[in-house]
Amino acid sequence: MTVTWTAPDGEHPARAASIRSMTAVAAGDKEGWLALWAQDAVVRDPVGPSIFDPTGKGHHGRAAIGAFWDLTIGQMARMEFAITDSFAAGDEVANIGTISAIAADGTRIDTEGVFVYRVGEDGLLTSLRAYWEFDRALATVSKPSG
């Protein structure tokens, strides 16, 4: 379970919070991850309607964000992050990279995208907007040989 960071890493509150988020996900630490979010936070992953969010309005509040974990992250044996670029401005950071989801049977899906995190004055995450495309992610599915 890894977070590989080859992007600029200048200190910024949103960048630091994004790294804490990815680290918790890579460790499979649902409770630790949920503790990083403000009570009224919103996760849009991906942005717009999807099989994870048919309305496209996002997952609002910690309970809904926890349910999002169960539906997505919690279904995977492990998650890996490779961040290749990062742009911090204001109270946000936009990280560019690949998230790899690996299932228990070894099936792997690599999702390239732009992942925008926002933090409040208290350092808690207030939103995540993930820009990626299902068709591109599905084109990367690889099953273990054997």
Side-chain angles (χ1 to χ4, degrees), residues 1-53 56-104 106-142 144:
M1 301 199 185
T2 60
V3 176
T4 304
W5 188 275
T6 58
D9 62 357
E11 184 56 37
H12 186 277
R15 183 176 286 135
S18 76
I19 293 170
R20 286 191 299 273
S21 173
M22 290 180 278
T23 300
V25 169
D29 181 5
K30 178 182 177 181
E31 294 309 314
W33 184 68
L34 287 173
L36 300 173
W37 296 91
Q39 290 295 333
D40 60 348
V42 179
V43 169
R44 292 181 175 93
D45 184 357
V47 169
S50 72
I51 62 170
F52 306 132
D53 177 16
K57 294 181 180 178
H59 308 277
H60 294 258
R62 280 192 185 160
I65 292 170
F68 168 77
W69 172 291
D70 294 341
L71 179 66
T72 58
I73 299 162
Q75 299 299 310
M76 296 294 118
R78 72 181 194 274
M79 302 286 290
E80 299 174 353
F81 297 81
I83 304 302
T84 57
D85 215 343
S86 180
F87 299 90
D91 59 359
E92 295 184 301
V93 66
N95 295 329
I96 299 170
T98 303
I99 299 174
S100 298
I102 299 95
T107 299
R108 178 185 187 103
I109 302 171
D110 294 327
T111 303
E112 295 180 333
V114 178
F115 309 95
V116 181
Y117 297 81
R118 176 179 283 164
V119 294
E121 289 181 13
D122 58 4
L124 292 176
L125 291 162
T126 60
S127 75
L128 166 61
R129 294 185 323 273
Y131 297 87
W132 57 274
E133 299 173 19
F134 267 98
D135 291 346
R136 288 175 62 174
L138 292 177
T140 73
V141 172
S142 61

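Quick note: residue numbers are just sequence positions, from 1. All heavy atoms count here, side chains included; hydrogens, waters and symmetry mates do not. Since we're looking at a predicted model, the values are computed, not measured.
You'll find the side chain of Tyr131 reaches within 4.5 Å of the side chain of Val116, heavy atoms only. Looking at Arg15 and Arg20, their side chains never come closer than 4.5 Å, going by heavy atoms from C-beta outward. By the 4.5 Å heavy-atom criterion applied to side chains, Phe115 and Met22 are not counted as neighbours. In this structure the side chain of Trp37 reaches within 4.5 angstrom of the side chain of Leu128, judged on heavy atoms. The shortest distance between side-chain heavy atoms of Thr107 and Ser142 does not fall below 4.5 Å.
Taking each heavy atom of Val25 and Ile73 in turn, the nearest pair found is CG1-CG2, 3.9 Å. Contact detail for Ile109 and Ala137: the closest heavy-atom pair is CG2-O, 3.5 Å. Gly113 and Trp132 make their closest contact through CA-CB, 4.3 Å (heavy atoms, listed as atom of the first residue, atom of the second, distance). Of all non-hydrogen atoms in Gly58 and Val42, the two that sit nearest each other are CA-CG1, 4.3 Å. Contact detail for Ala26 and Val3: the closest heavy-atom pair is CB-CG2, 4.1 Å. When every heavy atom of Ala24 is checked against every heavy atom of Gly32, the shortest pair comes out as CB-C, 4.4 Å.
Between atom CG of residue Asp40 and atom CD1 of residue Ile65 there is a gap of 9.0 Å, rounded to the nearest 0.5 Å. If you take NE2 on His60 and CZ on Phe68, they are separated by 13.0 Å, rounding to the nearest 0.5 Å. Between Arg62 atom CZ and Leu36 atom CG the span is 8.5 Å, to the nearest 0.5 Å. We find the OG1-CE distance between Thr72 and Met79 to be 7.0 Å, quoted to the nearest 0.5 Å. In this structure, the separation between OG1 on Thr111 and CG on Asp45 is 8.5 Å, given to the nearest 0.5 Å. Atoms CH2 and OG1, on Trp5 and Thr84 in that order, are 9.5 Å from each other to the nearest 0.5 Å.
The main-chain N or O of Thr4 is never found under 3.5 Å from a side-chain atom of Thr2 such that the two would form a donor-acceptor pair. Side-chain atoms of Asp135 never come within 3.5 Å of backbone atoms of Ala139 as a donor-acceptor pair (strictly under, hydrogens ignored). A donor-acceptor pair is defined here as one N or O able to donate and one able to accept, closer than 3.5 Å; such a pair exists between the side chain of His12 and the backbone of Gly90. No donor-acceptor pair closer than 3.5 Å links the side chain of Asp91 to the backbone N or O of Arg118. A donor-acceptor pair under 3.5 Å is formed between the side chain of Gln75 and the backbone N or O of Asp70. Arg108 places no side-chain N or O within 3.5 Å of a backbone atom of Ser100 that could act as its donor or acceptor partner. In terms of modelled atom types and a separation under 3.5 Å, the side chain of Ser86 and the main chain of Ile96 share no donor-acceptor contact. Side-chain N or O atoms of Ser21 include none that pairs as donor or acceptor with a backbone N or O of Ala17 at under 3.5 Å.
Ring geometry for Trp33 versus Trp69: interplanar angle of 30 to 60°, hence tilted.
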* Show the numbers, then the answer: is there a side chain to side chain contact (heavy atoms under 4.5 Å, CB included) between Phe81 and Asn95? => CA-CA 11 Å; Phe81 297 81; Asn95 295 329; over 6 Å; no
